[in-house]
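This report refers to the structure that appears directly beneath it.
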There are 2 protein chains.
Amino acid sequence: MITIYDIAEKAGVSAMTVSRVINNTGRISEATRKRVRKVMEELHYIPNSMARSLVLQKTHILSLLITDITNPFYTTIARGAEDAAKRSGFRLLFGNSDEDYAKEKDYVDMILSTRVDGVLFAPTGDHSLEHLQQLQKHNIPFVVLDREVPGIEADVVLGDSKEGARKLVEHLIGIGHRRIALINGSQDVSTARLRHLGYREAHTLNGLPIDDSLIIHVNYRDFHDESALEALLQHPSPPTAIFAANNMLAVGVIKSLRQRGLQVPQDISVVCFDDFVHAEAINPFLTVAAQPAYQFGSLGMQLLIERIESEPARENRKLILPSELLIRASSQALVRA
Amino acid sequence: MITIYDIAEKAGVSAMTVSRVINNTGRISEATRKRVRKVMEELHYIPNSMARSLVLQKTHILSLLITDITNPFYTTIARGAEDAAKRSGFRLLFGNSDEDYAKEKDYVDMILSTRVDGVLFAPTGDHSLEHLQQLQKHNIPFVVLDREVPGIEADVVLGDSKEGARKLVEHLIGIGHRRIALINGSQDVSTARLRHLGYREAHTLNGLPIDDSLIIHVNYRDFHDESALEALLQHPSPPTAIFAANNMLAVGVIKSLRQRGLQVPQDISVVCFDDFVHAEAINPFLTVAAQPAYQFGSLGMQLLIERIESEPARENRKLILPSELLIRASSQALVRA
DNA sequence: CTGTTAGCGCCTTCAT
DNA sequence: ATGAAGGCGCTAACAG
């Protein structure tokens, strides 16, 4: 491996001079600077970032931890985060917890031993508290993404889950639906709690009763699980519309409905949170509360970088990004029997 | 920051002993081992992997470079790669080149300075040769993924682009189509060249003429570009079926067709490479040549890890993973006019 | 079974 | 404008 000493020797200077050339620090005569640069190129020298990290106590690596790499919402976040990190010259250590607490723990250990400069952290749920506290204990700056964790004070970037849910359900109510099912994520996750609240609020505001037997909690990644839908369809007084708490669940629902020969929206309406590119090719073209996923990632990363680079500890910031109700073909006015 | 010296002092041993406890090397009495471990826990000690990397000349970091993080094919690869890396205790430095040569170059520089132990590399195209050669020059092991690069000898994991394309087109021919368009990626990319070849082969084998005006080259990520489709629809003798070279292009095609009021498959059939979860919810349920994306990632990562860990340089290996023709609703027998 | 010494590649500090 | 010494946190090699 080529080191600054190899360069120094060949250029007839000291290693320190080479270091100065690399980092553009100190005063170096133009002549030596050129000579050193030339040798560096000849020898294909690449600085060793590990050695540099060790002495600088900065890795220039940020970590992004998401909960589901197969979900377009999160991959779009990843794209935003990656672009932002790259713009500021940070490398990205990537992690996918698969909504799994144990995997999340492994990643936190990795993050800790890697001494990353900061973490953009989408928690699997409230129990992620422990992991976040671990980061705090080791003074690793982080920004919480997408889901709030009670007990943690930190920068956070969120969607407006309650509002979005309310808008979706009010849309359904507005077009005549009265029996609306909710297929939701685990109540251990803040977004699921808030979407549930929004769902209830929409009912209450419109003077409608809430039938708890129409509310089902699964895991955000359990989109293959048909038992939830099955239960709803077997219901003595089945729903005329389904609100799936995220896009993956919605796709699962539509698939299952199709397998049972049920048409959306003719037989039943379906709406969900989170848009995705392929939604536009899906039939029925889904009605969604679209969240600005890319911004989740890029703004989150920006907050993180600012926090790292701003010396005097800033106050915590909370960004709530609005969702947009996109009414499309999967929800249809209820034809009264 | 807590170091082994802090541990050593508090436990009344030397730093070396602590190091031995951490790494389970050498002979340590059970008593001291326990004492050391206890102190480590008390002080919440986490080994500094940078320092370790520096002395061991191994980072235990692998890099995965993909070309499109918004494409489910690649995110599924990422998932497979990540799982495999994790199983072997490697960290994953993640990169997304966006099918962009310049971004790819940036990532190669990052990879080089990070001194990763190896790279799983999905090249943007033939011109990636330069980047791969750079890795070779610096003795960084890599496995080429998804796309072959002429001039590079290395382990490689590929799909059977030609075969898959041939099967798709023969399926279309088999149900009566004679004018089949190809919306393909750039000819600078091996998969696009092979899919083109498969397309031609299917025609030749079936004694059909090839109309080059039905073959259009775009970029795999240009799924928003409607000009290709526009040209095909304006054709004096328009196609009755479209073979989109990947899933993203297919989704773009279906969207555009819908906007023009054309029905798939009634008005025109569409088939493509690469399946994706959401395909099953799409209407029309796409006919695809499904590739085992997860295996691309996990097998690729396995090859990489084996190459890193096997001392005597093994021969290069070439894995070709078959695709599966899934005939679904988007392709329909041609009704002769 | 445990400790000492030296050095991984780089940069900070202090000299010159 | 440049160099020498020392140290970041860790471990290999050798000593005892």
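Numbered from 1 within each chain, the chains take letters A, B, ... in sequence-line order.
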One pair to check against salt bridge (charged side-chain N to carboxylate O under 4.0 Å, His left out): A:Arg221 and A:Asp68. What are the steps and the verdict? CA-CA 8 Å; A:Arg221 291 196 76 243; A:Asp68 185 2; 3.3 Å; yes
Return yes if a side-chain donor-acceptor contact under 3.5 Å exists between A:Thr3 and A:Tyr45, otherwise no. no
Between B:Ser53 and B:Ser49, is any side-chain donor less than 3.5 angstrom from a side-chain acceptor? no
Could you tell me whether the phosphate oxygens of D:dT2, OP1 or OP2, come under 4.0 Å of any side-chain nitrogen or oxygen in A:Ser29? yes
Quick check on DNA chain C: between B:Gly26 and B:Val55, whose nearest nucleotide comes earlier from the 5' end? B:Gly26
Please evaluate the base of D:dG3 for a donor-acceptor partner in the side chain of A:Arg20 within a cut-off of under 3.5 Å? yes
With a cut-off of less than 4.0 Å, is there a side-chain N or O of A:Thr32 near OP1 or OP2 of D:dT2? yes
Does a nitrogen or oxygen in the side chain of B:Ser19 sit under 4.0 Å from OP1 or OP2 of D:dT11? yes
What integer distance in Å separates B:Glu9:CD from D:dG9:P? 14 Å
With A:Arg20 via side chain to side chain donor-acceptor pair (under 3.5 Å) - residues at least two apart: none
Would you tell me if any nitrogen or oxygen in the side chain of A:Gln57 comes within less than 4.0 Å of OP1 or OP2 on D:dG9? yes
Give a yes/no on whether any side-chain N or O of A:Thr17 is located under 4.0 angstrom from OP1 or OP2 of D:dG3. yes
Of A:Ser14 and A:Tyr5, whose closest DNA chain D nucleotide lies nearer the 5' terminus? A:Ser14
If the cut-off is 4.0 Å, is B:Arg52 near the phosphate of D:dG9, judged by side-chain N/O to OP1 or OP2? no
Quick one: sort the B:His131 and B:Tyr101 rings into parallel, tilted or perpendicular, breaks at 30° and 60°. parallel
For residues 43-51 of chain B, which residues have at least one heavy atom under 4.0 Å from DNA chain D? B:Tyr45, B:Pro47, B:Asn48, B:Ala51
Rounded to 10°, the angle between the first-five-pair and last-five-pair axes of the helix from C:dC1-D:dG16 to C:dT16-D:dA1 is 40°
Angle between ring planes, A:Phe73 versus A:Phe296, binned at 30° and 60°: parallel, tilted or perpendicular? perpendicular
Expressed as a whole number of angstroms, how long is the span from A:Asn24:CG to D:dT2:C1'? 16 Å
Whole angstroms only, please: what is the CG-C1' distance between B:Leu54 and C:dC11? 13 Å
DNA chain D: B:Met16 or A:Ile28, which has the more 5' nearest nucleotide? A:Ile28
Does the ring of B:Tyr5 carry B:Lys10 above it, NZ/CZ under 6.0 angstrom from centre and within 45° of its axis? no
I'd like to know if A:Lys86 and A:Glu82 make a salt bridge, using a cut-off of under 4.0 Å between side-chain N and carboxylate O. no
Residues B:Asp98 and B:Lys103 bridged, charged N to O under 4.0 Å: yes
